[in-house]
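Chain identifiers are assigned alphabetically (A, B, ...) following the order of the sequence lines, protein sequences preceding nucleic acid strands; residue numbering begins at 1 within each chain. In what follows, every heavy atom counts, from backbone to side chain, and hydrogens, waters and symmetry copies are set aside.
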Amino acid sequence: MVPGANITHLTRKILDFLEKVEDKAGFLNFFLKKEVQADIVRTILRDPEGFGSPRLGAGQKVLLEFVSANPTGPLTIAHGRQAAFGEALARILSFSGYSVTKEYYHNDAGRQIRLLGQSLQARYEQLQGKKLALPEEGYQGEYLVDIARKIKDVPPEQPDFFEKVAVEEISRGIREDLARFGVSFDSFISEQIFHHQGEVDKVLKDLEKSGYLYSSEGAIWFRSTAFGDDKDRVLVKSDGSLTYLAPDIAYHRFKIKRGYDLIIDILGPDHHGYVKRLKAAVAALGFPPEKLHIIIVQLTTLYRGKEKLRMSTRAGEFITLKQLMEEVGPDAAKFFFLFRRAESHLDFDLEVAKKQSLENPVYYLQYAHVRMLHINQYAAQQGFSPEECLQADGALLKEAEEINLLKELAVFPGVIEHISRSLEVHLLAEYLLSLAKLFHSYYQRHRVISENRLLSLARLALVRAVHAVFSRSLKLLNISLPERM
RNA sequence: GCGCCUGUAGCUCAGCUGGAUAGAGCAAUGGGCUUCGAACCCAGAGGUCGCGCGUUCAAAUCGCGCCAGGCGCGCCA
């Protein structure tokens, strides 16, 4: 409102919505009229799919890179948490009007891949009866034995035969696990293309031209301290080979070149030393570093009751995402991953996630969902139609539990907007639990369908609105619920 | 030694762009089913917000210093 505009008119408009204003403890409290609050029900029912979408993205392009697990072994629960988080974040940002690309960076080059190939070769030759030891620091997991069995009758032709087979087989497994987990990607980027197309060399030359490279002790260094890093970083080692950072800078330039307004990297905790140098790299390439968001998803510690499950990737002893899905199911796994802040360490108790009891919040949500479905079914039997609900009289909703639900529904768009800005996905899971709690409380105290047809209709409309927001939230979190328990 | 994350009820955790009496679930205590599913609900109880100093009218929230736990720390990826 501009100064000098018609204030009295505005004031009257505002007063139309207000029941009362109170002055308490130094705060002014404004109370909305009940019918204004109840309006939210009609707003939702008119557009159940679109309600709550803040449109703040306004078509801005976001690149979201996540999981990006090296094809050297199956996905672990750490990847699972990142996958659940990334997929949910992508869905929420899309809902907020951003145009989101989900990308997986395929690390299919370098020393680790050579080690992988050698490890597979060792397993292969062991099957031929030769006693060939695994390379030092090689991959010891059983999964390589399984792959070796598949190819035991195939004679190796190319020198990179084992590398290729290993990467291919493991990648296929990764894609299967992701698909089963309900996580999909719009693009897979292979590290090899940056080498083959000379992009790594090009980006090094450009950085050199800009004066951010220098030679020392036989190596080529990136002056990342110019952008706030703790120390400069080697890009080309003294033996002439590249460090991991070099292709990664080329990859980030590729991200920038495609014209994204926002670049989000979701990384595991083993990469948090990497944040500053990536930001430095991006800044050196001329991209505003504050538009690169790096989210570190912290570790998950698995428990089986009191027992802490120790894991070691090197020794090949770890719980895979696949095993987790088989044991507790994809939906329970996702919910446990998503209702804690990403940067918090997560204690995940397999026993609790499997338990069909109060300790498991997944069942709390399912139960709310099922109750809402049953009310709808019962209402249909009693002759209520969804179209009728649009005519419901919101002013009939006067119970405290009804007002609480109305308020919670009204908050939903703000929750989505907040998450879209802060990237804190767990807030949606919290919201969902809170909505479920209010609903259970309401259900317990008040009958929706009664002899009073008008009141029944108003309450049914409320329940349908709650269910719309409830379902929407679950879809955004990529969690499905059974219709029966 | 340095960096990042964490420290809030017995347990697991929200709250941390500073604002009213610090919240939830589980566990524990007491109560509630003739009616849309009680896998639910209600009530009371449970706290030096790790410790100290500072900034502020106001600090769980911001700053500094400690203490404790986790992770990372390379011309590894």
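- Of the nucleotides present, B:U29 is the one that pairs with B:A43 by Watson-Crick or G-U wobble criteria, both distances under 3.5 Å.
- Residue A:Q382 is classed as having no contact, given no heavy-atom separation below 4.0 Å to the nucleic acid.
- For B:U8 and B:G70, the P atoms lie 15 Å apart once the distance is rounded to whole Å.
- Across the protein-nucleic acid pair, A:L346 atom CG and B:U12 atom C1' stand 10 Å apart, rounded to whole Å.
- Dashed line: the shortest gap from a side-chain N or O of A:R371 to OP1 or OP2 of B:A38 is under 4.0 Å.
- Distance noted for atom C1' between B:C51 and B:G69: 16 Å (whole Å).
- With B:A77, B:U35, B:G74 as the candidates, the nucleotide lying closest to the side chain of A:R447 is B:U35.
- On the P atoms, B:C5 is 14 Å away from B:U17, given to the nearest whole Å.
- Sorted by first and then second residue, the salt bridge (charged side-chain N to carboxylate O under 4.0 Å, His left out) pairs with a member in residues 269-284 of chain A read A:D230-A:K276; sequence neighbours excluded.
- A:E65 and A:K255 are joined by a salt bridge, as a carboxylate oxygen and a charged side-chain nitrogen come within less than 4.0 angstrom of each other.
- Distance check on atom P: B:U34 versus B:A22 gives 39 Å, rounded to whole Å.
- The side chain of A:Y244 places no N or O atom within less than 4.0 Å of a non-bridging phosphate oxygen (OP1 or OP2) of B:A77.
- Under 4.0 Å is where a charged nitrogen must lie from a carboxylate oxygen, and between A:E402 and A:K398 no such pair does.
- Using a 4.0 Å cutoff on non-hydrogen atoms, no part of residues 193-205 of chain A comes near RNA chain B.
- Taking atom C1' in both B:C53 and B:C67, one finds a spacing of 15 Å when rounded to whole Å.
- Residue contacts for A:D349: at a heavy-atom cut-off of 4.0 Å it reaches no nucleic acid atom on any strand shown.
- Rounded to whole Å, the distance from CG on A:L435 to P on B:A14 is 21 Å.
- Using atom P as the reference point in both B:G30 and B:C66, the two lie 49 Å apart (nearest Å).
- At B:C41, one or more side-chain N or O atoms of A:Y364 fall inside 4.0 Å of OP1 or OP2 (strictly under the cut-off).
- Salt bridge present: A:R421 and A:E417 bring a charged side-chain N and a carboxylate O closer than 4.0 Å.
- You won't find any donor-acceptor pair under 3.5 Å spanning the side chain of A:T243 and the base of B:C75, going by distance alone.
- Residue A:K237 has a polar side-chain atom (N or O) positioned under 4.0 Å from OP1 or OP2 of B:C76.
- Between A:Q366 and A:D347, the residue anchored closer to the 5' end of RNA chain B is A:D347, taking for each the nucleotide with the nearest heavy atom.
- With sequence neighbours excluded, the residues forming a ring-ring contact (aromatic ring centres under 6.0 Å, His included) with A:H369 are A:H467, listed by chain and number.
- Using a 4.0 Å heavy-atom distance criterion, A:F339 is classed as making no nucleic acid contact.
- As rounded to the nearest Å, B:G23 and B:G15 have C1' atoms that lie 7 Å from one another.
- Taking atom P on both B:G18 and B:C75, the two are 40 Å apart, rounded to the nearest angstrom.
- Within the 4.0 angstrom heavy-atom criterion, base atoms lie near A:H446.
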What are the atom names and distances for every N/O pair under 3.5 Å that joins the protein to nucleotides 31-33 of chain B?
residue : atom : partner : partner atom : Å
B:G32   : N2   : A:Q444  : NE2          : 3.1

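- With centres under 5.5 Å and a plane angle under 30°, the ring of A:H271 is stacked against the base of B:A77.
- Comparing B:C76, B:A14, B:C42 by their closest approach to the side chain of A:R445 singles out B:C42.
- Counting heavy atoms of neighbouring residues, nucleotides and ligands inside a 6.0 Å radius, atom CD of A:E290 exceeds 12 of them.
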Polar pairs (N or O, both sides) under 3.5 Å between protein and nucleotides 1-5 of chain B?
residue : atom : partner : partner atom : Å
B:G3    : N2   : A:H272  : NE2          : 2.5
B:C5    : O2'  : A:E343  : O            : 2.6

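- As judged by a 4.0 angstrom heavy-atom cut-off over every strand, A:L242 is placed among residues touching the sugar-phosphate backbone only.
- Among the heavy atoms of the strands lying under 4.0 Å from A:R111 are primed sugar atoms or P, OP1, OP2 only; no base atom is included.
- With distances taken from any side-chain atom of A:K437 to the nucleotides B:G37, B:C42, B:A77, the minimum falls on B:C42.
- For A:S215, the side-chain contact (heavy atoms from CB on, under 4.5 Å) partners are A:I220, not counting sequence neighbours.
- OP1 or OP2 of B:A38 has at least one side-chain nitrogen or oxygen of A:Y443 nearer than 4.0 Å.
- The base-pairing partner of B:C2, taking Watson-Crick or G-U wobble contacts with both distances under 3.5 Å, is B:G72.
- Considering CG of A:L144 and CD of A:Q121, their distance stands at 12.0 Å, rounded to 0.5 Å.
- Note on A:S441: only backbone sugar-phosphate atoms sit closer than 4.0 angstrom, heavy atoms only; bases stay farther off.
- Toward the 5′ end of RNA chain B lies the nearest nucleotide of A:E430, the other residue of the pair A:E430 and A:H440 mapping further downstream.
- Within 4.0 Å of A:N70, counting heavy atoms only, lie sugar-phosphate atoms of the nucleic acid but no base atom.
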